[in-house]
Amino acid sequence: MNILHIDSAITGDASVTRQLTAEITARLTAANPSAKVTYRDLNKGVTPIDTEWFAAIRVGTENPTPEQERHIRVSDQLLAEVQDADTLVIGLPVYNFTLPAQLKNWLDQIARAGVSFRYTAEGPEGLLTGKRAIIAYAAAGTPFGSDLDHASGYVRHMLGFLGITDVTFVPADGLAMDRDAGLARAQAALENIAA
Ligand SMILES: Cc1cc2nc3c(=O)[nH]c(=O)nc-3n(C[C@H](O)[C@H](O)[C@H](O)COP(=O)(O)O)c2cc1C
C-alpha cells in the first residue's frame with residue numbers, strides 16, 4: 001500500500017484536519033505495516049498556475065524557459081506522488097466556505113489534459129484510476145454537505161474528474177457550536193474506514 005498523506009491547514013498544532021489525517025494514516029499503517037507513506041504539506045507552498053504554467057504544460061514547448069522548467073518540475077513531482085499512491089489521505093479545512101487556496105493550487109497542478117484526464121467522444125475520462133481517497137473535513141459552522149459547503153462537493157468532483165471515484169469523508173463539523181460532538185462524529189466515521 002502506498003499512502004499519500006496531504007495536509008493543507010494553516011492552523012499548525014491546533015489544526016483539526018492535521019490531527020485527523022495523522023490518525024487516519026496511523027490506522028492505515030497499523031493495519032498495513034509495510035505501507036509506504038509520502039507526506040506533502042501544501043501549507044509550505046504550492047505554486048499557483050499562471051501564464052508560464054499554461055505555456056509549459058497545456059500548450060507545451062520544446063524550449064522551456066527556466067520559469068517554465070520550474071513549473072514542469074513542480075507539476076510532474078506533485079502528479080507523480082498521486083500516480084504512485086493507491087490511497088490518498090487529504091486534510092480539507094473549510095476556510096471562507098471553501099477549500100484552502102493551496103489545495104486548489106495542488107488540484108490545478110495535477111489536473112493535466114492527456115495525463116490525468118482526457119476527453120473522449122463520450123466525454124471526459126479520469127486517468128488516475130484504481131485509487132481511493134479519505135478526506136478529513138473540518139469546519140466551525142459550515143455543515144458538511146450543506147448548501148454553504150463549497151468545499152467537499154468540489155473536491156469530490158475534481159477527484160472524480162481525475163478518476164478517483166472512491167472517496168470517503170471524515171467530517172468534523174459544527175466545531176464552533178459543539179466541538180466535542182463534531183470531533184466525536186469524525187471519530188465514528190474514522191473508525192468505520194476499512195484499513
Ligand atoms: C481563515 C479561516 C476561515 C474560516 N472560514 C470558515 C468558514 O467559512 N466556515 C466554517 O465553518 N469555518 C471556518 N473557519 C473555521 C475552520 O473551518 C475550523 O477552524 C476548522 O477546524 C479548520 O480546520 P483546521 O483546524 O485543520 O485548520 C475558518 C477558519 C479560518 C482560519
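First listed ligand is number 1; within each ligand, the first listed atom is number 1.
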For this session: Collect the protein residues that have a non-hydrogen atom under 4.0 Å from ligand 1 and hand them over in chain and number order.
Result: Ala9, Thr11, Ser15, Val16, Thr17, Pro93, Val94, Tyr95, Asn96, Phe97, Ala138, Ala139, Ala140, Gly141, Thr142, Leu175
For this session: Assign the ring pair Tyr137 / Phe144 to parallel, tilted or perpendicular, where the plane angle (0 to 90°) is split at 30° and 60°.
Result: perpendicular
For this session: Please name all residues satisfying ring pair (Phe, Tyr, Trp, His ring centres under 6.0 Å) with Tyr39, sequence neighbours left out, ordered by chain then number.
Result: His5
Exercise. Can you say whether the rings of Phe161 and His157 are parallel (under 30°), tilted (30 to 60°) or perpendicular (over 60°)?
Worked result: parallel
Problem set entry | Ser15 side chain vs Thr11 backbone, donor-acceptor pair below 3.5 Å | no
For this session: Check whether any side-chain N or O of Thr65 sits under 3.5 Å from a backbone N or O of Gln68 as a donor-acceptor pair, and report yes or no.
Result: yes
Problem set entry | Under 3.5 Å donor-acceptor, Thr98 side chain and His150 backbone | yes
